[in-house]
Colleague: 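I have a structure here, written as structure tokens, and I will follow up with some questions on it.
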Amino acid sequence: MTPPRARFAPSPTGYFHVGSARAALFNWLFVRQHGGTFILRIEDTDEARNRAEWTDGIIDALSWLGMDPDEGPYFQSAQGDAHQAAIEALWDSGALYACACTREEIDARTKERAAAGDPTPGYDGHCRDLNLPRGEGRALRFRTPDEGVVVVHDLVRGEVEFPLRALEDFICVKSDGKPLFVLANAVDDRTMAISHVIRGEDQLPTTPRQILLWDALNGAQSVTLALPAYAHLPLLVNESGKKLSKRRDPVAVEMYREQGYLPEAFRNYLALLGWSPGEEEIVPLNVLLERFRLEDVQRSPAFFDVKKLTHIDGVYIRALSIDGFVAASRPWVDPVPGEWAPGAWRDPDTGAPATPPPPWSPERFDPDVFASLAAVTQERVTVLAEVPELVDFLFLPDAPDDPDSWQKGVASDELAPTILAGALAAYESCPWDAASLHEVTLALAESLGRKLGKAQAPIRVAVMGRTRGLPLFDSLAVLGRDETRRRIAAALARLEPAA
RNA sequence: GGCCCCAUCGUCUAGAGGCCUAGGACACCACCCUCUCAAGGUGGCGACACGGGUUCGAAUCCCGUUGGGGCUGCCA
């Protein structure tokens, strides 16, 4: 196969949609394994607001996922000359005609037809043979053949036939002279010599029009180009089986990045939607590259399952080396000014939800202290944004205050004062390491006739603030004798303010 | 309404006529391990939408039904 040229062509509409990310990934995998070219084209011809910003977001997200384009970004808005030339050629060849109908007129006629028993919707070809001149608020329609079929040769779906009689004369140039998506898209694919169009299934119904346009362009312009190969990927849906919607579904890739999903894990999960690498599903990139086949892509829609994504992310996090984990956690525990950090991105619609910064100040954070508990932290988080709440007790001036934990672990335990007082005494002079602390605390528990599991709760809440968290004795060992005892004493005082 | 697509456990999938009393993973449940929480281990629950064909034999092929979805804009 000659090296393919495939494009990822998002429109900058606010943030990077997971469905777009999946489409980009499949394009990228396909191109990489065939030594081809991965092209980024920004389809920004509409009312592009804040264009630069959204485009930067797309580029950042692609880069985060390790899929930097080989060419581009090209901007559709910069292709005006090519679009114009195509329109002129098409007009001169007679493929287009001017239409003066308004939406209202068309709808009215459709209604009339329906009343007369003809349910055919769409444009009725009213202006088709009127030979109207161009201009004056007139859109240009494509003269669609009345008989026959257009067949789309789809790499994942096989041959899909569209009867032409059901295809109306569609508009491809707006009344202001600007091309519509269907035309701009086809023209750009021609000028960029695209060989493979890999995109979402929602684009399948528009494909016959683009094929018609492509053929017409071949006849109208001096260059004859081979039609690209098409591959329409199954849609990503929510749990009710509907196409992922920007409104009610968490679809922003930026949001997942903020929450601390690793790009490798995210990419691995994306690859699993509509495709399977085989017996193992958590596989490194080289395996993805080795095994991916467009032909093996599933045809039915796939549910974007955050639970599974999260599980996979947990596996990737645990597979990190300690150093790797410490480095990956950095933005969440010790963000560097000027560099990417959680909280930088906000949902353009809701203005939320950004991951909050760590609860401690940069001055209080100690990388070495964090590193000493990294191993036990690593196996307890599933996304990096969970790291701060596990280690915050180390960097806050006092034990974090969690009312539920206090109530459950201390206030409602009649033995809590005894345990805390016992621990305060026992910790005064015992060797300060996890094993010794374990031993000493176990002895205290047994003297009170309690299992260690139950007896450690008040100490844990007094020092670490919550009933759940890192292993207690490792944590105390790192926190230090003085601070541990100070917090236990503080908890005792809080329990018996009078005494 | 019209056109198109799709149909294996709740979810993602393996399965390309006999290897399937349908395999794995997520989720869920139970047990084990255990200083909390995780992680890990063991086991469990759980699917070929339905009806006709074709065939010695169908989850796999064909047809129909039903169900779901997409598109149907002078948006991209």
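Note that the structure is predicted; figures quoted are calculated from it, not measured. In what follows, chains are A, B, ... by sequence order, proteins preceding strands, each numbered from 1.
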Colleague: Output a table of donor-acceptor pairs, distance under 3.5 Å, between side-chain atoms of residues 292-304 of chain A and any protein atom two or more places apart or on a different chain; print 'none' if there are none.
Modeller:
{"residue": "A:R293", "atom": "NH1", "partner": "A:E290", "partner atom": "O", "Å": "3.4"}

Colleague: Ignoring hydrogens and angles, write down the donor-acceptor pairs under 3.5 Å from the side chains of residues 17-24 of chain A, residues two or more places apart or on other chains.
Modeller:
{"residue": "A:H17", "atom": "ND1", "partner": "A:G19", "partner atom": "N", "Å": "2.8"}
{"residue": "A:R22", "atom": "NH1", "partner": "A:L273", "partner atom": "O", "Å": "2.6"}
{"residue": "A:R22", "atom": "NH2", "partner": "A:P234", "partner atom": "O", "Å": "2.2"}

Colleague: Given A:F26 and A:W275, is the ring-ring contact (aromatic ring centres under 6.0 Å, His included) satisfied, shown in steps?
Modeller: CA-CA 10 Å; A:F26 282 24; A:W275 181 72; 7.1 Å; no
Colleague: In whole Å, I'd like the distance from the CZ atom of A:R134 to the C1' atom of B:C74.
Modeller: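 It is 15 Å, rounded to the nearest whole Å.
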Colleague: Answer with base, sugar-phosphate or nothing: what part of the nucleic acid does A:E379 contact at a heavy-atom distance below 4.0 Å?
Modeller: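 Contact class for A:E379: base.
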Colleague: Please evaluate the base of B:C74 for a donor-acceptor partner in the side chain of A:S175 within a cut-off of under 3.5 Å?
Modeller: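 Such a pair is found, so the answer is yes.
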Colleague: So does A:L244 get a backbone contact from the side chain of A:N238, meaning a donor-acceptor N/O pair under 3.5 Å?
Modeller: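 Between the backbone of A:L244 and the side chain of A:N238 there is no qualifying donor-acceptor contact (under 3.5 Å).
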Colleague: What does A:T467 touch in the nucleic acid at a heavy-atom separation under 4.0 angstrom: a base, only the sugar-phosphate, or nothing?
Modeller: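 Counting heavy atoms under 4.0 Å across all strands, the contact made by A:T467 includes a base.
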Colleague: Which residue, A:G469 or A:F181, contacts RNA chain B at a nucleotide closer to its 5' end, judged by nearest heavy atom?
Modeller: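 The residue whose closest nucleotide sits nearer the 5' end is A:G469.
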Colleague: So, does A:T45 get its side chain near the phosphate of B:A76, meaning an N or O under 4.0 Å from OP1 or OP2?
Modeller: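 Checking A:T45 against B:A76: at least one side-chain N or O falls below 4.0 Å of OP1 or OP2.
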Colleague: Does the distance from a Lys or Arg side-chain N to an Asp or Glu carboxylate O, for A:D124 and A:R109, drop under 4.0 Å?
Modeller: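 Salt bridge present between A:D124 and A:R109.
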Colleague: Distances under 3.5 Å only, N/O to N/O: pair up the protein atoms with those of nucleotides 47-50 of chain B.
Modeller:
none

Colleague: Determine, step by step, whether A:Y123 and A:F170 satisfy the ring-ring contact (aromatic ring centres under 6.0 Å, His included) criterion, reporting the C-alpha distance in whole Å, the side-chain angles of both residues, the deciding distance to 0.1 Å, and the verdict.
Modeller: CA-CA 8 Å; A:Y123 185 64; A:F170 55 91; over 10 Å; no
Colleague: Which base, if any, makes a Watson-Crick or G-U wobble pair with B:C31, both distances under 3.5 Å?
Modeller: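 Its partner is B:G41.
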Colleague: With both distances under 3.5 angstrom, what nucleotide forms a Watson-Crick or G-U wobble pair with B:C20?
Modeller: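 B:C20 is paired with nothing.
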Colleague: Any ion pair linking A:R41 and A:D188 (charged N to carboxylate O, less than 4.0 Å)?
Modeller: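 Between A:R41 and A:D188 there is a salt bridge, with a charged N closer than 4.0 Å to a carboxylate O.
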Colleague: If we take the C1' atom in both B:C4 and B:C50, what is their distance in whole Å?
Modeller: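 That atom pair is separated by 23 Å.
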Colleague: Atom CZ in A:F266, atom OH in A:Y261: separation rounded to 0.5 Å?
Modeller: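 If we round to the nearest 0.5 Å, A:F266:CZ and A:Y261:OH are 8.5 Å apart.
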Colleague: May I have the distance from A:H83 (atom NE2) to B:C74 (atom P), rounded to whole angstrom?
Modeller: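 Between P of B:C74 and NE2 of A:H83: 19 Å.
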Colleague: When rounded to the nearest Å, what value does the distance between P atoms of B:U60 and B:G40 take?
Modeller: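 Looking at atom P only, B:U60 and B:G40 are 37 Å apart.
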Colleague: Looking at A:E43 and A:R7, does any basic side-chain N land under 4.0 Å from a carboxylate oxygen?
Modeller: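 A:R7 and A:E43: not salt-bridged.
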Colleague: What interatomic distance, in whole Å, is found between C1' of B:U54 and the corresponding atom of B:U11?
Modeller: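 Taking atom C1' in both B:U11 and B:U54, they lie 34 Å apart.
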Colleague: So does A:K308 pair up with A:D313, basic N to acidic O under 4.0 Å?
Modeller: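 Salt bridge flag = no for A:D313 with A:K308.
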Colleague: Any carboxylate oxygen within less than 4.0 angstrom of a Lys/Arg side-chain nitrogen, looking at A:D249 and A:K243?
Modeller: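 Between A:K243 and A:D249 there is no salt bridge, as every charged N stays at least 4.0 Å from the carboxylate O atoms.
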Colleague: Under the 3.5 Å rule, do the base of B:U72 and the side chain of A:R209 count as making a donor-acceptor pair?
Modeller: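 By the distance-only test, no, there is no pair.
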Colleague: In whole angstroms, how far is the P atom of B:C33 from the NZ atom of A:K451?
Modeller: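 In whole Å, B:C33 P and A:K451 NZ are 11 Å from each other.
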Colleague: Are side-chain N/O atoms of A:T207 and A:H232 paired as donor and acceptor at under 3.5 Å?
Modeller: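 Yes - a donor-acceptor pair under 3.5 Å links their side chains.
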Colleague: Considering just the side-chain nitrogens and oxygens of A:R318, establish if one lies under 4.0 Å of OP1 or OP2 belonging to B:G40.
Modeller: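 Answer is yes, contact under 4.0 Å.
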Colleague: What does A:L180 touch in the nucleic acid at a heavy-atom separation under 4.0 angstrom: a base, only the sugar-phosphate, or nothing?
Modeller: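 Sugar-phosphate, no base atom in range.
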Colleague: Applying the Watson-Crick and G-U wobble criteria at under 3.5 Å, what pairs with B:A7? Answer none if nothing qualifies.
Modeller: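 B:U66 is the nucleotide pairing with B:A7.
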Colleague: Counting just side-chain N and O atoms, does A:K174 come under 4.0 Å of either OP1 or OP2 of B:C75?
Modeller: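 A:K174 to B:C75 OP1/OP2: side-chain N or O found under 4.0 Å.
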Colleague: Across all strands shown, which nucleotide pairs with B:A58 by Watson-Crick or G-U wobble geometry, both distances under 3.5 Å?
Modeller: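 The answer is none; no pair meets the criterion.
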Colleague: Looking at the side chain of A:R468, which of B:C5, B:U36, B:C12 is the nearest nucleotide?
Modeller: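 For A:R468, the side-chain atoms sit closest to B:U36.
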Colleague: Write down the partner of B:G73 under the Watson-Crick or G-U wobble criteria, each distance required to be under 3.5 Å.
Modeller: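 The base-pairing partner of B:G73, which may sit in any strand shown, does not exist here.
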Colleague: CG of A:L479 to CZ of A:R485: how many Å apart, nearest 0.5 Å?
Modeller: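 CZ of A:R485 is found 13.5 Å from CG of A:L479.
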Colleague: Under a 4.0 Å N-O cut-off, is there an ion pair linking A:K408 with A:D404?
Modeller: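 So A:K408 does not pair with A:D404 through a salt bridge.
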Colleague: Quickly work out the A:F303 CZ to B:G10 P distance and round it to whole Å.
Modeller: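 After rounding, the reported distance stands at 14 Å.
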Colleague: Can you measure A:D154 atom CG to B:C6 atom P for me and round it to whole angstrom units?
Modeller: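 A:D154 atom CG is separated from B:C6 atom P by 9 Å.
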Colleague: Output the rounded distance in Å from NE2 (A:H232) to P (B:C5).
Modeller: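 The distance from NE2 of A:H232 to P of B:C5 comes to 12 Å, rounded to the nearest Å.
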Colleague: Any N or O donor-acceptor pair under 3.5 Å from the base of B:C5 to the side chain of A:R299?
Modeller: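 Checked by distance alone, the answer is no.
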Colleague: What string of B, S and - do you get for nucleotides 60-70 of chain B, 5' to 3', when a contact is any protein heavy atom under 4.0 Å?
Modeller: ---------SB
Colleague: Send over the distance from A:I211 CD1 to B:C4 P, rounded to a whole Å.
Modeller: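 It works out to 15 Å between those atoms.
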Colleague: If the P atom of B:A27 is compared with that of B:G41, how far apart are they to the nearest Å?
Modeller: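 Those two atoms are separated by 13 Å.
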Colleague: Taking the same atom, C1', in B:G23 and in B:U8, what whole-Å distance lies between them?
Modeller: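 Roughly 11 Å separates the two C1' atoms.
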Colleague: Within the structure shown, what part of the strands sits under 4.0 Å from A:A302 by heavy-atom distance: base, sugar-phosphate, or nothing?
Modeller: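 The answer is sugar-phosphate, as A:A302 gets under 4.0 Å only of primed atoms, P, OP1 or OP2.
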Colleague: When we call it a touch if two heavy atoms are under 4.0 Å apart, what does A:R103 touch: a base, just sugar-phosphate, or nothing?
Modeller: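 A:R103: backbone/sugar contact only, no base atoms under 4.0 Å.
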Colleague: Find every protein N or O atom lying less than 3.5 Å from an N or O atom of nucleotides 26-31 of chain B, and list the pairs.
Modeller:
{"residue": "B:C26", "atom": "OP1", "partner": "A:H311", "partner atom": "NE2", "Å": "3.1"}

Colleague: Quick one: look up who B:A14 pairs with, Watson-Crick or G-U, both distances under 3.5 Å, and put none if it's unpaired.
Modeller: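 Pair assignment: B:A14 / none.
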Colleague: Mind checking the P distance from B:A25 to B:G67? Whole angstroms is fine.
Modeller: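 These two P atoms come out 35 Å apart once rounded.
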Colleague: Please tabulate, for the side chains in residues 467-474 of chain A, all donor-acceptor contacts under 3.5 angstrom to protein atoms that are two or more places apart in sequence or on a different chain.
Modeller:
none

Colleague: Which base sits across from B:G46 as a Watson-Crick or G-U pair, both distances under 3.5 Å?
Modeller: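 With both distances under 3.5 Å required, B:G46 matches none.
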Colleague: Tell me what A:G274 touches on the nucleic acid: a base, only sugar-phosphate, or nothing, going by heavy atoms under 4.0 Å.
Modeller: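 The answer is sugar-phosphate, as A:G274 gets under 4.0 Å only of primed atoms, P, OP1 or OP2.
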Colleague: Determine the contact category for A:Q298: base if any of its heavy atoms lies under 4.0 Å from a base atom, sugar-phosphate if only primed atoms, P, OP1 or OP2 are that close, otherwise nothing.
Modeller: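 A:Q298: backbone/sugar contact only, no base atoms under 4.0 Å.
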Colleague: Starting from C1' on B:A38, measure out to CG on A:D313 and report it in whole angstrom.
Modeller: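 Whole-Å distance recorded here is 15 Å.
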